[in-house]
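Naming convention: chains lettered A, B, ... in sequence-line order (proteins, then strands); numbering from 1 in each chain.
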Amino acid sequence: MDELPKNYDANISEQKWADYWKEKGTYKFDETRKKKIFSIDTPPPYASADHLHVGHAMHYSQFEFIARYKKMKGFNVFFPMGYDDNGLPTERFVEKKHNVNKNTITRANFIKLCLEETKKCGVVYYNLFTRLGFSIDWDLLFQTIDDRSRHVSQASFIALYKKKLLDHTDQPTTWCMTCQTTIAQADFENVDLQSTFNDIVFKSENQDLIISTTRPELIPACVALFTNPDDERYQKLKGKFAAVPLFNYKVPILFDETVDKEKGTGLMMCCTFGDKEDVEKWYKYKLPLKIVFTEDGRLNDSVPEFKGLKIKDARAKIIEALKNCGALIKQQPITHAVNVHERCGTEVEFMKKKQWSIRVLDKKDELIEAGNKVNWYPEHMKIRYEHWVRNLQWDWGISRQRYYGVPFPLWYCDKCGSVKFPEIKDLPIDPREQNPKTPCPCGNNTFTPEMDVMDTWMTSSMTPYINAHWTMQDEKKDFVPMSLRPQAHDIIRTWAFYTIVKAHFLENKSPWENIMISGHGQDPHGKKMSKSKGNFVVADEVIQKYSADALRYWAAGAKLGEDMPYQEKDVLTGKKTITKIWNASKFTMMNLKDYNASAINELDMHQLETMDRWLISKLMRLVKSSTDSFEKYEYSTAKRETDVFFWQNFCDSYLEFIKHRTYNSTDEESKLAAQKTLYYALLTQLKLFAPIMPFITEEIYQMYFKEFEREDSIHTTTWPEFTSELVDEKSERTGDLVVQIISEVRKYKSTKQLSLKAELNSVTIACKKDEQELLAGVAQDIKAIGLIKDLSFETSEELCVVIE
RNA sequence: GGACCUAUGGUCUAGUGGUAUGACGUCCGCUUGACUCGCGGGAGAUCCCCGGUUCGAAUCCGGGUGGGUCCACCA
């Protein structure tokens, strides 16, 4: 081995090894699949980010650790990347960035813009992920808008139809006025909004009926008043009608036990539609329909005096008009929770729309059961899934009145109205651009295409099947269930839920064997990172300053499932650790200069000295616990334990303890034993660190160990095996005593403000008899390490070191 | 309103039925032939509060309080 470079330059080395891995195809999935597969259902990030923050890096790093661990464990790791670039998230991103919307740009131009932006985002992700050293096989890349994904999601729609799990109904459904599309329950977000309770008078014969509402603009959509059948105040109203103020028409007064007597005046108006209650009452009592909004959230022709006003403006104007005619008698400010569309923050409204939906409400029990078949890590995250399923209120509406998404693969026959599907082999298709190849069974040959596109989750929920090339010619049979789904906890109700729904309905399978749920990287104060708040830490800048390994080191500190605030000092600790690994390795290699590693095959404890066995035995315990931790996806425990072992046992103790054996060696055998231990211990520790810090470990492996180990990369070597022959409790006990004694000696020198190199004339160790026996064999070590001239022993119940 | 998670030295953090881990900071010392991004040492924690189980609890159970997250509440 040549002279060692003095310093480690992470920026140069990390680029070098990233290039090396790419060139060698280190992380290629083996298509011949001779080894057992470990497959990862990688979260496809939305193609809607210009810069990525340390939270992104943290989330993806955490299962990258697992991918690397599994590879070293001998698995054929299937680690793809996907980009989620279809659907509303992308559309919103493009609309904002280019200041366009559905009404101001043609469909073709809009799709073109989406594709361009998507491409740019792909580059951003690729750059960060390769810079972080991710062991992704980029040949497995998919995009949710590509042919394969469109094929698979369209095929899933047809399959669900054939299994009679779909409904195609014209009914009131949740609607976003900004995005102008139907949306699903999972697309909601809850926010607290300031609003006003308005007490409004409805006249009924000679009585004033007061209702309280936050939505006076819905008064022209009022179709009935309701009160509780037990409410004594309103018994006389049975069979009566009330006059709607301002709009001068009459609505029936009805009784329903769901009305809360205590709330407001105990009277409520039912409009089409203000909330889910309205929808239910509308169905139950077969009430008329009075739609007052247009699809983009303005009052429509049915209210000529307010026509064209946006909802909020209409509210103000109507309140004013109510005031003027004396119908508004009281106003009171309130804060209340409102569902908004998570993509744009617009309050959820209702619109009657013909749409496709997947029936889930009548299958809650079996869906909860399906979730139980997956192993959840951490286990308590399963509860969130269960709660979500149990609390579902709507079937999964999958129609979106948008441009950029996967089209429904179907046409409607112009004559008989029945649906017509393409052949699976012809997918993907766009029914708006092509006609069916065969006529309708009714004989007719003219069709109308479905114009809507599918919910983006229709595609995302198919990621295991996209990876499996489901129903395609080159389908990978038995690929589902995949081994692992890694994802964050905030999308349990969407991605995890929808994926479980699809696999269960399509093939009565679990989509994966295991699911690991990670937390979020937050700002230093535990708040969510966002650009607008200015607490956004750009991943690239951290990497530039501290290295990718250091950022990964920080990411490995988060316990599975728990959010973690970003602390720059922890990245710095990572950087220090890397430097320490570099220096300790440099020192080890120096000591191994005249050591012929290829001469030994296996470590033999009988050839080692007590302190060597102490280290190796403790190392074995570390191997065991680290392996156990990784098996449970507890990378943070594995990292911490390895870290502590490396600093304390290896560097602070062992490396100091053997200096006298490797430098002032008169005893060649002793020196060789230390060298064997050094080689084995350093390589093992590098392997244990390799999943967390792939670059520095590779650097050192390449510099020294490769020559003997003969593998192209440390990442293709095998994970250390726990070997019970290498555990030696007696040596561990002895070594621990030595550490204790040396600590006392160091303490003495430190207190006396002496150099650790200072010699001591006489040291007496007082300890138990059996401890004396143990220590007898390492007396020479103690003397050499502590620079002690005379060492003697005394018997005592408690360990005590007397120094003169 | 419900559920889940969480509460540990100045700060962040690990863990356990027998008073506690590591990091950062702080103080003192050491240029020990890998490393000052270092080495050695010190100070600093009644492990949120109240009950219960136990020989023994900070660790288990119940209740409370604070924080986080998810869900419900939209008249």
Next on the checklist: Parallel, tilted or perpendicular: which one describes the rings of Y633(A) and Y377(A), with boundaries at 30° and 60°?
Outcome noted: perpendicular

Next on the checklist: At 4.0 Å (heavy atoms only), tell me whether E189(A) reaches a base, stays on the sugar-phosphate, or touches nothing.
Outcome noted: nothing

Item to check | Sugar-phosphate only, base, or nothing, as touched by F197(A) at under 4.0 Å among non-hydrogen atoms | outcome: sugar-phosphate

Checklist entry - Does the side chain of Q648(A) get closer than 4.0 angstrom to OP1 or OP2 of G22(B) through an N or O atom? => result yes

Checklist entry - According to a strict under-4.0 Å criterion, is Y385(A) in side-chain N/O contact with OP1 or OP2 of A3(B)? => result no

Item to check | A72(B) base / Q393(A) side chain donor-acceptor hit below 3.5 Å | outcome: no

Checklist outcome for this item: In whole angstroms, the gap separating P of G67(B) from CE of M564(A) amounts to 23 Å

Next on the checklist: Regarding L655(A), tell me which of base, sugar-phosphate or nothing describes its non-hydrogen contacts under 4.0 Å with the strands shown.
Outcome noted: base

Checklist entry - When we call it a touch if two heavy atoms are under 4.0 Å apart, what does N190(A) touch: a base, just sugar-phosphate, or nothing? => result base

Next on the checklist: Students often get this wrong, so: under 4.0 angstrom with heavy atoms, is N391(A) touching a base, only sugar-phosphate, or nothing?
Outcome noted: sugar-phosphate

Item to check | Residue mapping more 5' on RNA chain B - nearest nucleotide basis, T258(A) or K747(A) | outcome: K747(A)

Checklist entry - Are F226(A) and A75(B) stacked, counting the six-membered base ring, centres under 5.5 Å, planes under 30°? => result no

Next on the checklist: Considering every strand and a 4.0 Å limit on heavy-atom distances, what is the contact class for V348(A): base, sugar-phosphate, or nothing?
Outcome noted: nothing

Checklist entry - In whole Å, what separates the C1' atom of G68(B) from that of U26(B)? => result 30 Å

Checklist entry - F689(A) vs F646(A) aromatic rings, parallel, tilted or perpendicular, using cut-offs 30° and 60°? => result perpendicular

Item to check | K281(A) vs A75(B): side-chain N/O to OP1/OP2 distance below 4.0 Å | outcome: no

Checklist entry - K559(A) near the nucleic acid: base, sugar-phosphate alone, or nothing, with a heavy-atom cut-off under 4.0 Å? => result sugar-phosphate

Checklist entry - With a 4.0 Å cut-off on heavy atoms, is S743(A) in touch with a base, just the backbone sugar-phosphate, or nothing at all? => result sugar-phosphate

Next on the checklist: Counting the atoms with a prime plus P, OP1 and OP2 as sugar-phosphate, which does E656(A) contact under 4.0 Å by heavy atoms, base, sugar-phosphate, or nothing?
Outcome noted: base

Checklist entry - Under 4.0 angstrom, heavy atoms only, what part of the nucleic acid is D490(A) near: base, sugar-phosphate, or nothing? => result nothing

Checklist entry - Within the structure shown, what part of the strands sits under 4.0 Å from K580(A) by heavy-atom distance: base, sugar-phosphate, or nothing? => result base

Item to check | Distance between C1' atoms of U13(B) and A7(B) (Å, rounded) | outcome: 13 Å

Checklist outcome for this item: Ranking C70(B), A3(B), A34(B) by distance to the side chain of K659(A), first place goes to A34(B)

Next on the checklist: Expressed as a whole number of angstroms, how long is the span from Q522(A):CD to U6(B):P?
Outcome noted: 15 Å

Next on the checklist: Classify C270(A) by what it touches in the nucleic acid, base, sugar-phosphate, or nothing, heavy-atom distance under 4.0 Å.
Outcome noted: nothing

Checklist entry - Hey, is the side chain of S755(A) pairing donor to acceptor with the base of C30(B) inside 3.5 Å? => result no

